[in-house]
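These notes are about the structure you will find just below.
Reckoned from all heavy atoms, side chains included, excluding hydrogens, waters and symmetry mates. Lettering follows sequence order; numbering is per chain, from 1.
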Amino acid sequence: MLHLYNTLTRKKELFESIEPQHVGLYVCGITVYDVCHVGHGRVMIVYDVLYRHLQAMGYMVNFVRNITDVDDKIIRRAAENNLSPQALAQQYIDEMHADERALHVLPPTHEPRATDSIESMVRIIGKLIESGHAYAADNGDVFYSVSSFAEYGKLSGRKLADLRVGERVAVDEHKRDPLDFVLWKSAKPSEPSWESPWGAGRPGWHIECSAMSMDLLGEEFDIHGGGMDLEFPHHENEIAQSEALTGGTFARYWMHNGLVRIDDEKMSKSLNNFLTLKDVLKLYSGEEVRTFIIGSHYRSPLNYLTESLDAARTALRRFYTALRPHTISDSPSDDQMDASYVERFDAAMNDDLNTPEALAVMHELTSALNKLDDAGEPTRLANTLSYLGGRLGILQMDADTVLKGEADESGLSDKAIDALIEERQQTRASKDFKRSDEIRDELAAGGIVLEDAGGKTIWRRG
RNA sequence: GGCUGAGUGGCAGAGUGGCCAUGCACCGGAUUGCAAAUCCGUUUACCUCGGUUCGACUCCGGGCUCAGCCUCCA
C-alpha cells in the first residue's frame, strides 16, 4: 500500500496505477550544458530509489528520464568552446552517465533526447494552434496562450492575477499576454534549427517534456517527477499544453524533490556556488554520497555539510563491518531473511518513501546482527541487511573489499600490510608489546586500522 | 505583495495525542596486553503565545523566524 505525496492535491494519496502491475514514470532530466552538481545527483538518486521500490513491489515500470539537448545555454556554451551544440551536449551526456554509474543509479527504461522528438513537438504545437490554445507571432515564434486554459495554476496553486509579471524580467513584446510562454522559437542563422510550418526554429523548453512523455508513456500516465524548482512554471506549463491538447488528465501523481543547499544557501548555477558531483566524488564514494542523500526525506531541503557526509561514511562502515564476517546470498529467498525487518522497511518506504526511517530499521537490524553469535543464525540477519541495502541501492559490494579500500600511490600495499600484521602477530605472541604497538602505530599513520578479533587480525583503511 | 513548505536534543534527522526514533558526538561500564570493532548503560529536545483535551512536541488559532517558487534552474 504505497502512499505518495501528490503536489496536485498537497496530500499523501494511496498510489493506484492506471494499469494493474504497470507504472509509467516520467522524470525531468538534465539540460546538458555543464557537468552535474549535487542537486542533479539528488534527482538521480531520489527517483532511482522510487524506481527500485516500485519494482520491488512487483510493478513493471516504464521509467522515462529525458535529456534536454537543445537549449539557449547549450548553444552559447558551444559557441564559447568552438564546438557544435551536438558535440557539447554529447560530452556532457557522457559525463552525466559516468556520474550516474558512480552513484549506482540504474539506467531508466528510456532516456529520450529532445532533438529526437521534434516531429512530435511540431505536431502538438500545430494542434494547439488549431484549437486556439497557441498562436504564431509575426517573428516566427509560437506562444501558448495561458488564458486559454482555465485550470492554469492548478499544480502550483497560483492564480494568474497573483503573478508578478514583468517585475524581474522584461516582457516580450510579441506576446499577447505577458504570461504566455514560447512553444517554438524562430532560429537565428547560426543556431540549430528544424523546419516547421512557422519557419525554421527550435522548440521551447516546456513542450519537449509533453512530447517525449506522450511518445513513450501515452497521453495519460502515472507519475511525473522533478525538482521543486520545476513546479512552476515548467510543470504547470506541461500540464497546460498537454491537457489542452488531449482534454484529459496528463500525469496523475506529481512528485517534487527538495533542493540541495550548500552552506545554507541555495545551490544554483546562477549563484555559481554549485558543487559538482565530480568534486564530491573525489572526497566520498558514490555509495557514501548516496547514503547521505537518502538520509533525509526527499521533499526536505538538504544542506550539504561535511559532517553529514562523514556521518554517511560512518554509517556505511558500520553496515559493512557487520556484514563482513558473513557469506551473503545474492538473492536470498524469504525464508533466508527476517520478515519483521522487511515489513518495517516496507512500511517506511510505502509512507511516501521515508528513507531515513528505512535506514533506521537497517541500523536496528545491524545492532541485532552484531549481538548474535553463530547459534543465533546471524546469516539470516546479514542476508536481510544486504537485501534491504539493495532496495536502496547500497551495500551491494563485497564488505571486505570496501573496508580495505584502495591504496593511494604513496600508501602501503595490501601485501606490505599483511607482512606487517604477520610480524605483529609474532611479537604479540612473544609478548613484545612495545614492538607490536609500534607496528600498529606505523600502520595507523598510513591510515590502516587493525581489529583483533577471534585470534585473527583484520584491517581496514580509514 | 501572492503561492507553497518548514521550525525537534551538541550535529544530522524521523515520528507520535499519554511508553524508546535512528545514526554520529559525549560520558560511564563490559570486552581487549593496550587498542580497534562490538555490546550494555547514562545525559541533552520538540520556536512562541493562546485554545481543545484527563493529558499535546503531536490537533486548532495568532505571532515570530527561515526556506522555495512567482526569471533560466534539479
Side-chain angles (χ1 to χ4, degrees), chain A residues 5 7 10 27-31 33-34 36-47 65 68 71-73 153 155-170 179 205 225-234 236 256-261 264-271 274 291-292 295-297 299-303 305 307-319 321-322 324-325 348 351 354-364 366-367 369-371 403 428 431-434 436-437 440-441 444 448-454 457-460:
Chain A
Y5 182 88
T7 307
R10 307 275 163 191
V27 172
C28 286
I30 286 157
T31 302
Y33 70 97
D34 203 345
C36 293
H37 61 227
V38 183
H40 296 119
R42 191 179 194 191
V43 174
M44 294 170 186
I45 289 166
V46 163
Y47 296 103
R65 192 182 53 217
T68 299
D71 162 89
D72 289 349
K73 291 185 288 288
L155 178 69
S156 54
R158 26 198 113 203
K159 302 182 184 76
L160 288 172
D162 292 337
L163 296 168
R164 295 195 142 192
V165 170
E167 176 159 308
R168 294 162 80 182
V169 165
L179 286 163
W205 177 37
M228 248 167 210
D229 51 349
L230 299 185
E231 183 185 310
F232 190 91
H234 185 234
E236 197 71 70
H256 292 95
N257 60 278
L259 304 184
V260 176
R261 305 167 60 72
D264 259 319
E265 200 176 292
K266 181 187 171 182
M267 173 162 59
S268 83
K269 295 191 178 177
S270 48
L271 289 174
F274 61 92
T291 304
F292 159 66
S296 68
H297 186 84
R299 284 192 281 119
S300 304
L302 176 60
N303 200 17
L305 283 175
E307 285 167 299
S308 300
L309 270 296
D310 289 344
R313 170 171 289 172
T314 308
L316 274 176
R317 186 156 72 210
R318 177 171 140 87
F319 290 142
T321 301
R324 195 178 201 180
D351 181 16
N354 192 338
T355 50
E357 181 68 26
L359 280 172
V361 172
M362 289 172 60
H363 272 113
E364 287 181 43
T366 301
S367 295
L369 172 57
N370 283 332
K371 270 176 247 185
L403 291 168
R428 289 180 74 210
K431 305 236 191 276
D432 180 4
F433 293 122
K434 185 164 177 293
S436 69
D437 287 351
R440 189 171 60 201
D441 292 345
I448 310 301
V449 180
L450 302 188
E451 295 175 16
D452 296 330
T457 296
I458 55 177
W459 60 273
R460 61 182 162 84

Any side-chain N or O of A/Ser300 below 4.0 angstrom from OP1/OP2 of B/A14? yes

Whom does B/C27 pair with, Watson-Crick or G-U wobble, provided both distances fall under 3.5 Å? B/G41

Scan every strand shown for a Watson-Crick or G-U wobble partner of B/C69, both distances under 3.5 Å, and answer none if you come up empty. B/G2

Kindly state whether the ring of A/His256 and the ring of A/Tyr5 have centres lying under 6.0 angstrom apart. no

Would you please confirm or rule out a distance under 4.0 Å between OP1 or OP2 of B/U4 and any side-chain N or O of A/Arg158? no

For B/A74, does the base pair up with any side-chain atom of A/His256 as donor and acceptor (N or O, under 3.5 Å, distance only)? no

Does a side-chain N or O of A/His40 approach OP1 or OP2 of B/A74 to a distance below 4.0 Å, or not? yes

Please evaluate the base of B/A74 for a donor-acceptor partner in the side chain of A/Arg42 within a cut-off of under 3.5 Å? no

Base-pairing assignment for B/U22 (Watson-Crick or G-U wobble, both under 3.5 Å): B/A12

Do A/Arg428 and A/Asp452 sit within salt-bridge range, that is, some charged N less than 4.0 Å from a carboxylate O? yes

For B/U44 versus B/G23, give the span between their C1' atoms, rounded off to a whole number of Å. 16 Å

Using the P atom on both, measure B/A74 against B/C40 and round to a whole Å. 46 Å

Determine the interatomic distance between P on B/U58 and the same-named atom on B/U48; round to the nearest Å. 10 Å

Find the partner of B/C59: check Watson-Crick (N1-N3 plus N6-O4 or O6-N4) and G-U wobble (N1-O2, O6-N3) distances, both under 3.5 Å, and reply none if neither fits. B/G51

Under 4.0 Å: is that the gap between some side-chain N or O of A/Lys371 and OP1 or OP2 of B/C40? yes

Determine whether any donor atom in the side chain of A/Asn354 lies under 3.5 Å from an acceptor atom in the base of B/G15, or the reverse, and answer yes or no. no

Would you compute the distance between atom OG1 of A/Thr321 and atom CD of A/Glu451 and round it to the nearest 0.5 angstrom? 6.0 Å

A/Arg428 vs B/G33: side-chain N/O to OP1/OP2 distance below 4.0 Å: no

